[in-house]
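Heads up: the structure comes next, in structure tokens.
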Amino acid sequence: MPVTTKIYQGIGALPGSHKDWAFSAVLLLYYNQILGVPATAASIALAAALLIDAITDPLVGAYSDQFKSRLGRRHPFMYAAAVPIGVLGYLLFSPPADAGHGVLTAWLLVNTVLLHIAFTFFVVPWNALAAEYSDDYVERTSIIAYRHLVGWIGGVVFAFCVLTYVFASTEQHPAGQLNPDAYPVFAVVLGSLMTLWVLITTHLTRREVPYLLQPVDAASRVSVGALLRQILLSLRSRNFRLILVGHLIFAGLSGIGGVFDIYMNTYFWEFVAEDLRWFTLTICGALIGIAAAQPLQRRFEKHRILMLMLSLAAVLGMLKVILRFADVWPDNGDPSLLIALVIQGALFVLCMTIGGIMFSSMTADLVDEQELHTGLRQEGIYASSIAFSAKAVTSLGLIIGGLLLDYVIAFPKASTPGSVAGDTLFRLAFIDGIAVNLLFVVPIAMLSRYTLTRTALTDVQARLARRRGGA
């Protein structure tokens, strides 16, 4: 597969990286701390969006598997999603002025649901292309690695520029992420860029369409009932169930950490936006992880690498707050604290990057196993698991994080750094750093039962080749 195509396909990671940063870093902070919406109400709105995703993601995947056109199975959906994604991203951060909490909650609910649906029509077909581009065990990892490379570089540039210029400190708002006047500008930037990247990746990868598989029958002949049966068929795969459920549990746990990061950085570590932008240097960990992913999986099984990375990430997450509780970290305001936490963050990102590449590559491998057992290639349905898992990282985290903020941590609204009680900050740090990371043992245990090894996949592909040859 040409390197240029890997890069062009990798551009498709940028809309998701921008959206996920917005959801994890500032969405709950904006609606809860600035607009005054209770965290629980925001969580309920996001829970509804996640439930709809659980239905729409596999349906779009199944439909795109059967879709037939001159642009192939995937590209028409990607083109159609471009403008709605940008418009809805803009509207999400542009609520009506002087609206009450009920209207704001409804605005959050409607725009989040619609944005997730629009994004499904892009990201599920886009994810499915990874399994179609190559059936090579190693090159599939390379394709995913390029996605992470482009996504990380673009995501870091986006976050650095937003934190430097959009959320810059002012005299009235030293912590620029708490400045309500910054969010209309952020809405325009977010919406415009998401639409731009969707159009670019879709257009530049059109050249590969003639080399991709096409279904025998057009999708118009496929009923909703048939699509649902195909979705249920995919769940018969034990390996698919293991990594899907395991990753969803992991997504919820890591999503909580992502939500709490902005609260921890703003109130526990007392960083301002100009400090937060230096966390973009954690890209160093991502770059090392991307470079190391292929050499590692040449020597070791993918699921074993994923288990190791999750274990190391959990340890690093716990150490982050344990060292504060033990008074090892420098005091807040000391420049060396920022340096130490950026280094810790880079190591954490290193583990998560390698783990993410392994997960996506394993999902592509499962397509071959599914074809052997059922006679169907279900790249779209399997890709929907990646899309749903990615959205679950932010949505589940926001849901659970919002409930914890209101009922366990009891975090006050409209707070300023330095004004939050010490016991509240302790509960925040303990849940974020200790409790959540201890639960990583659940997805790690599930991955230990995964059986599609390199040898097993080679046998699967050999049997498929003999079957196709016989046909």
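Treat the numbers as computed from the prediction; the structure is a model and nothing was measured. By convention here, the first residue in the shown sequence is residue 1.
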key: Side-chain H-bond candidate by donor/acceptor type, Q177 with T266, under 3.5 Å   = yes
inquiry  = Do the side chains of R463 and E371 get close enough for a salt bridge, i.e. N-O under 4.0 angstrom?
reply    = no
inquiry  = Just by distance, no angles: are the side chains of N111 and Y90 close enough, under 3.5 Å, to form a donor-acceptor pair?
reply    = no
For I444 against M307, the heavy-atom pair lying closest together = O-CE, 3.9 Å
query = What heavy-atom pair brings R147 and Q9 nearest, and what distance separates the two atoms?
reply = NE-OE1, 2.9 Å
K302 charged N/C atom sitting above F300 aromatic ring, 6.0 Å / 45° = no
ask   = Are S237 and Q370 close enough that a side-chain donor and a side-chain acceptor fall under 3.5 Å?
value = no
Results of salt bridge (Lys or Arg N to Asp or Glu O under 4.0 Å) for D432 - residues two or more places apart only = none
message = With a 6.0 Å cut-off (strictly less than), is the heavy-atom count around CH2 of W152, excluding the residue itself, greater than 12?
response = yes
ask   = Is the distance between the ring centroids of F186 and Y30 under 6.0 Å?
value = no
E301 side-chain N/O to R454 backbone N/O, donor-acceptor pair under 3.5 Å = yes
request  = Indicate the atoms forming the closest heavy-atom contact of R207 with P2, along with that distance.
outcome  = NH2-CB, 4.1 Å
query = Can you check whether L109's main-chain N or O pairs, donor with acceptor, with T112's side chain at less than 3.5 Å?
reply = no
query = Could you go step by step and tell me if W126 and F77 meet the ring pair (Phe, Tyr, Trp, His ring centres under 6.0 Å) rule?
reply = CA-CA 9 Å; W126 175 76; F77 297 94; over 10 Å; no
key: Spacing of T363 atom OG1 and M358 atom CE [to the nearest 0.5 Å]   = 12.0 Å
task = For a side chain to side chain contact (heavy atoms under 4.5 Å, CB included) with R74, tell me which candidate from N127, D65, T205 qualifies.
result = D65
message = Taking the six-membered ring for Trp, are F121 and Y63 closer than 6.0 Å centroid to centroid?
response = no
ask   = Can you tell me if T282 uses its side chain to pair, donor with acceptor, with the backbone of A346 under 3.5 Å?
value = no
